[in-house]
Number of protein chains: 2
Amino acid sequence: MEFNESRNIFLQIADWLCEQILQKKFAPGDRVPSVRELAEEMEVNRNTVMRTYSILQDQGILDNKRGIGFFVAEKAALKIHQRQKEAFLQQELPQLVHKVKLLQLSKDDLKPILNALKETTNEDQQ
Amino acid sequence: MEFNESRNIFLQIADWLCEQILQKKFAPGDRVPSVRELAEEMEVNRNTVMRTYSILQDQGILDNKRGIGFFVAEKAALKIHQRQKEAFLQQELPQLVHKVKLLQLSKDDLKPILNALKETTNEDQQ
DNA sequence: TTTAGTGTCATAATACACTATGACACTAAA
DNA sequence: TTTAGTGTCATAGTGTATTATGACACTAAA
C-alpha cells in the first residue's frame with residue numbers, strides 16, 4: 001500500500017480498515033487479517049499493524065480474542081460513521097468553506113462537487 | 001500558536017504565513033518577521049522557522065536578502081493561490097465527495113456548506 | 001502431545017522532527 | 001569602526017514513528 005508522508009502509517013492503515021468496514025467488505029463478527037498477515041500485505045512491520053489494531057480495539061471497532069485474532073465489533077460501522085461524521089461536520093467542512101472563500105473559486109470550479117453532492121444526497125432522503 | 005499533532009510544525013507555520021499573504025496582511029515587498037522574531041512569537045525553535053522560510057523561498061513565495069531578512073515575493077499570492085487551488089481541486093475535493101458518499105450525509109447536513117458556497121461564489125462571477 | 005497459527009511483549013536500531021546553543025558572515029545605522 | 005539586527009551553519013540532545021527480531025502465552029486442530 002502507498003502511504004502519505006504527512007500522516008502516521010498506523011493511522012493510515014486504520015483509515016483503510018475503517019473504510020473497508022464502511023464499504024461492508026468486512027461484516028460484524030468477521031475476522032480481519034492477522035497482524036503478521038496484514039503487515040506483510042502492507043509491507044509494514046508487525047508492530048505497526050499491532051498499533052493500528054490496538055487503537056481500533058480501544059475505540060470499540062475491533063474485538064480481540066487472544067490466540068485467535070481480531071474481529072469486527074458488532075456496531076463497528078455505526079461507531080466509525082458517527083466518529084467520522086462528527087469530525088467531518090465540525091472540522092473538515094468549516095475548513096472547506098474557509099478555503100473556498102480564500103481561493104475565490106468560481107461556480108465552474110465547484111460544479112463537479114455540487115453535482116456529486118446532489119447525486120448522493122437525493123436518493124435516500126426525503 | 002497552537003499546532004496540530006498530525007502535521008509538521010514547519011509546514012503549519014508555512015500554511016499560516018501563506019494565509020496571511022492571501023489575506024493581504026503581508027503585501028509583495030513587505031519584510032516578514034525575522035527568523036528569531038517569529039520563532040519567539042510562535043514559541044518554536046529558530047531552526048524550525050528557518051526551515052519554513054527555506055521551503056517558501058524554494059517555492060518562490062519569499063525572497064531572501066542576507067543580513068536583512070526575508071521578503072514577500074512579487075507574485076507570492078498568485079503562486080500560493082495556484083498551488084492551493086490545484087491541490088484543492090485535484091486532491092481534497094475528490095476525497096470530500098468520496099467521504100460524503102461513504103457517510104451518506106443528508107441534505108440537512110450539507111445545507112450549511114451549500115449556503116456558504118453560494119454566498120461566496122455568487123458575488124464575483126458572472 | 002505436537003504443531004501451526006494467533007496475539008503480546010521487550011529490546012535494539014534507524015530515521016526524522018524539533019529543540020538548544022554557539023559561532024560566524026552580512027548589512028545598516030550610529 | 002562599532003553595534004545591533006539580520007540569515008546561516010554545525011553540533012548535540014530529545015522524542016517518537018517505524019523497523020527488525022526474538023521469545024512467550026494462548027488456541028485450535030492434527
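In what follows, chains carry the letters A, B, and so on, assigned in the order in which the sequence lines appear, proteins first and then strands, with residues in each chain numbered from 1.
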Visitor: Let's see if you can work this out: which of D/dA28, D/dG7, D/dT18 has an atom nearest to the side-chain heavy atoms of A/Ile68?
Guide: D/dA28

Visitor: Without hydrogens or angle criteria, can the side chains of A/Thr48 and A/Asn45 be said to hold a donor-acceptor pair below 3.5 Å?
Guide: no

Visitor: Let me know, please, whether A/Val44 or B/Pro33 comes out on the 5' side of the other along DNA chain D by nearest nucleotide.
Guide: B/Pro33

Visitor: Counting only side-chain heavy atoms from C-beta out, which of D/dT27, C/dT6, C/dC18 sits nearest to B/Phe10?
Guide: C/dC18

Visitor: Please state whether the phosphate of D/dA17, meaning OP1 or OP2, lies under 4.0 angstrom from any side-chain nitrogen or oxygen of A/Arg7.
Guide: no

Visitor: Report the distance from atom CE of B/Met42 to atom P of C/dC18, rounded to the nearest whole Å.
Guide: 13 Å

Visitor: What integer distance in Å separates A/Arg31:CZ from D/dT27:P?
Guide: 15 Å

Visitor: Looking at A/Arg46 and D/dT19, is any side-chain donor or acceptor paired with a base atom of the opposite kind under 3.5 Å?
Guide: no

Visitor: Round to the nearest Å and state the distance from B/Arg66 atom CZ to C/dT27 atom P.
Guide: 8 Å

Visitor: Does C/dT21 have OP1 or OP2 under 4.0 Å away from a side-chain N or O of B/Asn47?
Guide: no

Visitor: Does the side chain of B/Glu19 pick up a donor-acceptor pair with the side chain of A/His98 at under 3.5 Å?
Guide: yes

Visitor: Is the shortest heavy-atom distance from the side chain of B/Tyr53 to the side chain of B/Asn64 under 4.5 Å?
Guide: no

Visitor: Ignoring the backbone of A/Glu37, work out which of C/dT19, D/dT6, C/dT6 is nearest its side chain.
Guide: C/dT6

Visitor: Please determine whether any donor N or O and acceptor N or O are separated by less than 3.5 Å between the side chain of B/Asn8 and the base of C/dA17.
Guide: no

Visitor: Please compare B/Arg36 and B/Asn45 by the position of their nearest nucleotide in DNA chain C and report the one closer to 5'.
Guide: B/Asn45

Visitor: Rounded off to whole Å, could you give me the CZ-to-C1' distance for the B/Phe71 and D/dG7 pair?
Guide: 11 Å

Visitor: Report the C-alpha distance between A/Gln57 and A/Ile61 in whole Å, list the side-chain angles of each, state the deciding distance to 0.1 Å, and finish with yes or no for side-chain contact (heavy atoms from CB on, under 4.5 Å).
Guide: CA-CA 6 Å; A/Gln57 183 181 0; A/Ile61 293 169; over 6 Å; no

Visitor: Any side-chain N or O of A/Ser34 below 4.0 angstrom from OP1/OP2 of C/dT6?
Guide: yes

Visitor: Can you tell which of A/Val32, A/Leu17, A/Val44 makes a side chain to side chain contact (heavy atoms under 4.5 Å, CB included) with A/Val49?
Guide: A/Val44

Visitor: Give DNA chain C the dot-bracket treatment, 5' to 3': Watson-Crick (N1-N3 with N6-O4 or O6-N4) or G-U (N1-O2, O6-N3) under 3.5 Å, [ ] crossing, | other strand.
Guide: ||||||||||||||||||||||||||||||

Visitor: Which nucleotide in the list C/dG7, C/dT27, D/dT21 gets nearest to the side chain of A/Met50?
Guide: C/dG7

Visitor: Phosphate oxygens OP1/OP2 of C/dT19: is one of them under 4.0 Å from a side-chain N or O of B/Thr48?
Guide: yes

Visitor: Can you measure B/Asp63 atom CG to D/dT6 atom C1' for me and round it to whole angstrom units?
Guide: 16 Å

Visitor: Once rounded to the nearest 0.5 Å, what's the spacing between atom CD of A/Gln20 and atom CD1 of A/Ile80?
Guide: 10.5 Å

Visitor: Check the distance between C/dC26's P and B/Phe70's CZ and give it to me in whole angstrom.
Guide: 16 Å

Visitor: Relative to A/Phe71, does A/Lys65 satisfy both conditions: NZ or CZ under 6.0 angstrom from the six-membered ring centre, and within 45 degrees of the ring's axis?
Guide: yes

Visitor: Indicate whether the side chain of A/Ser6 and that of A/Asn4 have a donor and an acceptor atom separated by less than 3.5 Å.
Guide: yes

Visitor: Looking only at side-chain atoms of B/Val35, point me to the closest of C/dT19, D/dG7, C/dG7.
Guide: D/dG7

Visitor: I need the CZ-C1' distance between B/Arg51 and C/dT19, as an integer number of Å.
Guide: 13 Å

Visitor: Rounded to the nearest Å, what distance is computed from the CG atom of residue B/Leu38 to the P atom of nucleotide D/dG7?
Guide: 10 Å

